Each structure stands twice: as structure tokens, then as C-alpha cells.
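The model shown is predicted, which means the values in this text are computed figures rather than measured ones.
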Amino acid sequence: MKRFRMGMTSLLLLAMVWLAACSNNPAPSSSQPSSATSDSKDPYVIQVLHSTATNIKKSDETEIGKVIKEKFNIVFEYVSFTGNELDQMNLMLSAGNYPEIVRLSDNSVLDKYIRAGALLPLDDFLTNAPEFKKRYDAQIPLWRLPAHDSKLYKWENNVPTDFKNNLEALDVAVRIDVLEKAGWPELLSTDDYIQFLKQAMKDHPSTNGQKSIGMTVPFAEPWGVQGIAPIMYEKGGRYSTAAGNLSVIWNQVDQQYVDMMENEYVKEGFFFFNQLYREGILDKDSFTDLLPQATEKLVSGRALSTWYPVSVDNASAIKSGHPEWQMINLPIRSKTQIERNEKRQIRVEDTRSYEMYSITKNAKDSKRIFELLEWAASDEGKILLQSGIEGKHYTIENGKRVATEDYKNIINDPMQSSQVGFRMFPFLGYVGTNAPDGVPYDMKMDPVLTDEMTLSPELKNAYTQLGWTDSKQYWRETGKAAPTGIAAAIAIDSTSELGALQQKLIEFRVKNTTKLIIEPKSDEDFEKLYSQIINDYRKLEPEKVVNMYNQLYQEKLAQLESLK
């Protein structure tokens with residue numbers, strides 16, 4: 001109860017801050033874009049909430065912000081915040097005190113703001129916004145979907161993107177000295193990894209006096225057994241992670257949802273972990289380890305490998321004086337996936353409902369904000385916001401932007417990059433696509449440049465020894481873009497009867513995943529236990545949930561077509 005009161009106190013203080021800020025700027029009474037001062041170029045200061053730790057108070061303290069001020073005479077004042085973001089959004093709405101540009105991270109909250117009349121529709125703005133419409137042509141219909149009146153109330157950050165520029169593939173990370181000892185083997189199949197790790201544990205029985213661990217996995221995390229234990233399905237050529245960690249997975253090829261528990265690739269993933277467990281490779285503490293415990297085992301060098309490597313900390317390995325403990329991410333596929341040899345479906349987000357921005361009715365001059373958004377959508381705006389200033393952060397060679405040494409030195413330093421203005425304007429929208437010169441608008445997304453700036457000499461050598469040109473080569477050559485479309489936005493009402501059934505299906509899978517990994521003592525035992533579990537699972541009638549997902553998808557698809 002004490003913690004709850006402290007949280008509410010913090011939220012109330014935040015509301016008071018915004019009350020004080022907004023009280024000096026009375027909101028227009030109309031819900032339409034204001035235009036009383038739209039032709040004025042008087043100084044215009046707009047407060048925005050900003051979660052990035054920085055000492056920047058106003059945007060014109062940055063180099064990019066100075067250009068924006070010069071062009072539009074607009075300055076953004078950054079107001080930092082802490083605490084639960086969702087609670088904060090609801091509190092601001094209930095108090096009626098929200099900034100001129102508001103960040104929203106949930107479609108249900110977006111709906112509340114729209115129905116409360118707190119947001120300005122952007123439809124009138126679109127009539128004179130060719131750059132914005134061109135840039136977000138595929139997104140605008142998707143952005144209209146959550147609104148009950150089908151109007152456009154939001155834009156999003158970091159869309160659209162090119163999967164080659166933002167390629168997320170988290171498979172298996174392995175210590176580079178272990179790979180070197182084995183002669184830099186080509187690892188791909190689950191059998192490859194089992195044989196490799198069995199030998200690796202013999203070759204590296206201990207690290208710094210501690211017994212080595214073949215593979216560590218933070219299964220105790222909420223996304224552990226539920227999310228990354230069955231995720232072998234994403235390594236093949238049919239499914240993507242668009243549906244999240246619930247009871248279904250998204251078949252990108254057939255454009256439909258299927259049950260997760262009975263999926264053939266999910267089964268092969270469970271069998272792989274059972275084999276690792278039987279061979280003594282999988283850390284038996286994985287089912288109680290959270291991310292900090294798993295990370296510690298990597299940093300100390302005890303773990304020779306890790307599944308779904310979100311916790312790799314190569315900088316700490318170097319700092320500890322053991323650069324040989326650094327890890328690289330390598331691909332894995334199940335037996336069936338290798339036999340089919342299909343292009344991997346790599347998720348590309350068409351829409352990001354957890355990073356939305358809207359103009360509120362508190363905007364003093366919405367037309368000037370619209371004008372800034374239109375410019376930010378142009379090539380000129382995107383290149384400035386994401387690559388910086390020509391001559392300082394990049395030069396033009398053979399018609400292409402080339403990063404300067406100054407850029408390379410500052411881009412991965414949060415303090416220096418914020419002083420330039422990188423990462424300080426997410427509310428104007430960043431994109432992950434290439435500019436007309438063929439270089440990503442955000443130069444650091446280029447895989448070769450990324451490796452140059454972030455990989456240590458030891459890691460660069462490791463990829464060279466493996467015959468790779470860069471750290472993402474395998475996935476780029478064997479993968480294809482899997483746009484999420486509306487698949488990621490489909491959800492069953494958690495308070496409904498089917499919502500309750502879905503929760504039972506998830507709990508059933510989580511409970512029995514652990515059994516499938518640790519109980520079978522042979523391949524035959526695994527098959528027998530799996531058959532028993534699936535028979536019990538079918539009694540829950542999971543097809544009801546799967547059918548509802550596909551029904552909702554078809555309904556949303558029809559609605560989307562009507563908005564195009």
C-alpha cells in the first residue's frame with residue numbers, strides 16, 4: 001500500500017507540472033486545427049515529454065534543433081518523466097492537461113483520447129501534405145483503423161522500415177574462443193549445435209575456476225518459457241513473430257493464424273531443448289534464472305552459449321580483460337526447416353502502436369506543427385533528423401552520403417549524439433528505409449557501417465574467419481521481409497469467454513513446456529509425453545480461439561480495404 005501511495009504521489013506531481021505548464025497556454029475551445037496565428041512566424045515553444053536521459057532542455061541547444069528553429073522558429077522544450085507511462089497518459093487525460101504533442105503507447109489509450117475529444121484529426125492537413133502522404137502511404141490506412149470514426153489522429157515513429165536496415169535475428173550466441181578452438185565450424189542445424197556444444201564442454205570444462213555452462217537461457221522471465229522457448233517457429237520460412245507470445249502464431253505465407261502449441265516447428269524447438277537438457281548442455285538453473293542471472297553467467301565467461309541473445313554484454317568481457325569471452329550471434333534451424341530450405345520470414349513492422357504521436361486540442365498553432373511534420377517527412381527533413389548536417393556528419397561522394405569520422409565518434413555516445421540532436425526528435429518520426437542515394441536515412445543502420453563502429457577487432461576477426469562479410473550477412477541472404485500489416489494488431493478481448501480460454505491455453509503451454517524439456521529421458525519418451533500432452537490440450541478446444549483470430553483478421557482486412 002505504501003508503494004502504491006508513493007506511485008500515486010509521483011503521478012499527481014507530474015499532473016501538477018503539466019497543469020502549471022498548460023495553465024499559461026489556454027486550449028482552443030474548438031476541436032478543429034487552430035489557425036489564428038498560423039501565418040505568424042513568431043517564436044513558438046512546444047513542450048514535449050521525453051524519456052531519454054539527457055541534459056538538453058530545449059531543442060535549439062542542439063545542432064539539428066538550431067536548423068529547425070531557423071526554418072520554422074519552433075523550439076521544443078523537453079520535460080522528462082519517470083514512472084509508469086500508461087498511468088501517466090491516463091492521468092493527463094483525466095485532468096485535461098496534456099502537451100500539444102502527446103506520445104501514446106497503446107491503442108486503447110488512443111481510443112480514450114479520441115473519444116474525449118482531446119486529439120485533433122489530421123485529415124484536413126493531408127490535403128496539403130504531399131510529402132507526408134507519400135512517405136506514409138502504406139501506414140495511413142493502418143493508422144486510421146483504431147479510430148471509431150476512421151479519421152487520422154496519429155503518426156508513428158520508426159516506420160516504414162527496410163528489414164535489411166533493421167534486421168532483428170536473435171538465434172544463438174557463442175563465445176568466440178570456443179568457436180576458434182573448434183576450427184570455426186559452420187553451425188546451422190540443431191544437431192550441429194548439440195555436437196558442437198558437447199565437445200565444447202569437454203574442451204572448456206571450466207572458466208576462471210568455475211564449471212562451464214553449455215547454454216544459459218533466462219526462462220524465468222515472463223517472456224521466457226512463454227515466448228522464447230517455442231520461438232524455433234520464426235527460424236524457418238513460414239511464420240513470423242507478428243502475433244506475439246499468446247496462443248497463436250502468424251503464418252506469413254498463408255496469411256492466417258495457427259495454433260502455437262501444436263505447430264511442428266514449436267515441437268521441434270521443445271525437442272531441441274530436451275536434447276540439450278539430457279546432454280547436460282542446458283543450464284538446469286535456466287528455469288529459475290531471470291535476465292540478470294543469465295547475463296552474469298555470460299559476463300563471467302561461464303556460459304559458452306546462450307539462446308535468444310538479448311543479454312550479451314561484450315563490452316564487459318573486454319573490460320574484464322577477457323576479450324575472448326565475447327560472443328557472436330549465429331543462425332539455427334530445425335531439421336524440417338533445413339530440409340525445406342525456405343526463405344526466413346523476418347518481421348517488418350508496418351505499424352507501431354506502442355510509439356504513436358498525436359496533436360492535441362491544446363495546440364496553440366496546429367497549422368505550424370503540421371507544416372513542420374510535412375517538412376520532417378521530406379527527404380531533406382529525414383536526412384537532417386537522422387544523418388545530421390552535410391560537411392560535418394557526412395560528405396557526398398559519388399552521389400552518396402558517407403559518414404565522417406566525427407559522426408562515427410559521436411553516434412554511439414548518448415551524450416554527444418543528443419547534443420547534435422540525434423534521438424531527440426522521435427515525435428517528428430524517424431524511418432528505417434533508404435534515401436534516394438541508396439543509403440539509409442539513418443546512416444548507422446547500414447550493416448557495414450554499424451559493424452565498423454560497434455564491433456571490436458576480435459569480433460570482426462571472428463566473422464572474417466567464418467567467411468562472413470558482416471554480422472547480418474546470413475539473415476540478409478536467407479531471409480525476406482515479412483510485413484506485419486494488421487496481423488500484429490489483432491487481439492481477443494481479454495475479458496471475454498474466449499479471452500479466458502486463451503489464457504488457459506497459454507498457461508497449459510507454459511506448464512507443459514517445462515515438462516517436455518526436463519522429463520523425457522529418450523527420444524521415444526519425448527514423443528510419448530508430447531502425444532499425451534496434445535491429447536489433453538485438444539480437450540480445451542483451442543480451435544475456438546484460432547478461429548476467432550482469423551475472423552477478426554478478415555473483418556479488419558475488409559475495414560482496411562474500405563479506407564484505402
Handout entry: Spacing of Leu304 atom CG and Met215 atom CE [to the nearest 0.5 Å]
Key = 10.0 Å

Before accepting this row, confirm whether a basic side-chain N of the pair [X]/[Y] lies closer than 4.0 Å to the acidic partner's carboxylate O.
X: Lys444; Y: Asp442; result: yes
X: Arg340; Y: Glu264; result: yes
X: Lys335; Y: Glu268; result: no
X: Asp289; Y: Lys297; result: yes
X: Lys504; Y: Glu507; result: no
X: Lys528; Y: Asp525; result: no
X: Arg347; Y: Glu234; result: no

Under 3.5 Å donor-acceptor, [X] side chain and [Y] backbone:
X: Thr306; Y: Thr216; answer: yes
X: Asn461; Y: Pro457; answer: no
X: Tyr113; Y: Met89; answer: yes

Fit a plane to each ring of [X] and [Y], take the angle between them on a 0 to 90° scale, and name the class: parallel (under 30°), tilted (30 to 60°) or perpendicular (over 60°).
X: Phe508; Y: Tyr537; result: tilted
X: Phe196; Y: Tyr193; result: perpendicular
X: Tyr265; Y: Tyr239; result: perpendicular

Show which side-chain atoms of residues 137-146 pair as donor or acceptor with protein atoms under 3.5 Å away, not counting sequence neighbours.
unit_1 : atom_1 : unit_2 : atom_2 : d
Gln139 : NE2    : Asp350 : O      : 3.2
Trp143 : NE1    : Glu156 : OE1    : 2.9
Trp143 : NE1    : Glu156 : OE2    : 3.4
Arg144 : NH1    : Asp123 : OD2    : 2.6
Arg144 : NH1    : Ser150 : O      : 3.3
Arg144 : NH2    : Asp123 : OD2    : 3.2

Can you establish whether the number of heavy atoms outside [X] located under 6.0 Å from its atom [atom1] is more than 12?
X: Glu186; atom1: CD; value: no
X: Lys319; atom1: NZ; value: no
X: Glu497; atom1: CD; value: no
X: Lys198; atom1: NZ; value: no
X: Lys164; atom1: NZ; value: no

Practice task
Could you verify whether a donor N or O on one side chain and an acceptor N or O on the other, from Gln226 and Asn245, lie under 3.5 Å apart?
Solution key: no

Problem - Pair Tyr553 + Trp250: ring centers closer than 6.0 Å - result: yes

Solution key, residues 168-178 side-chain donor-acceptor pairs under 3.5 Å, sequence neighbours excluded:
unit_1 : atom_1 : unit_2 : atom_2 : d
Asp171 : OD1    : Lys235 : NZ     : 3.0
Asp171 : OD1    : Arg344 : NH1    : 3.3
Asp171 : OD1    : Arg344 : NH2    : 3.0
Asp171 : OD2    : Ile332 : N      : 3.3
Asp171 : OD2    : Arg344 : NH1    : 2.8
Asp171 : OD2    : Trp475 : NE1    : 3.3
Arg175 : NE     : Asp177 : OD1    : 2.9
Arg175 : NH1    : Thr207 : OG1    : 3.2
Arg175 : NH1    : Gly301 : O      : 2.3
Arg175 : NH2    : Asp177 : OD2    : 2.8

Practice task
Please lay out, stage by stage, how Glu555 and Gln551 fare under the test side chain to side chain donor-acceptor pair (under 3.5 Å).
Solution key: CA-CA 6 Å; Glu555 291 173 358; Gln551 177 183 325; 3.2 Å; yes

Completion exercise
salt bridge (charged side-chain N to carboxylate O under 4.0 Å, His left out) filter on Asp203, not counting sequence neighbours, yields none

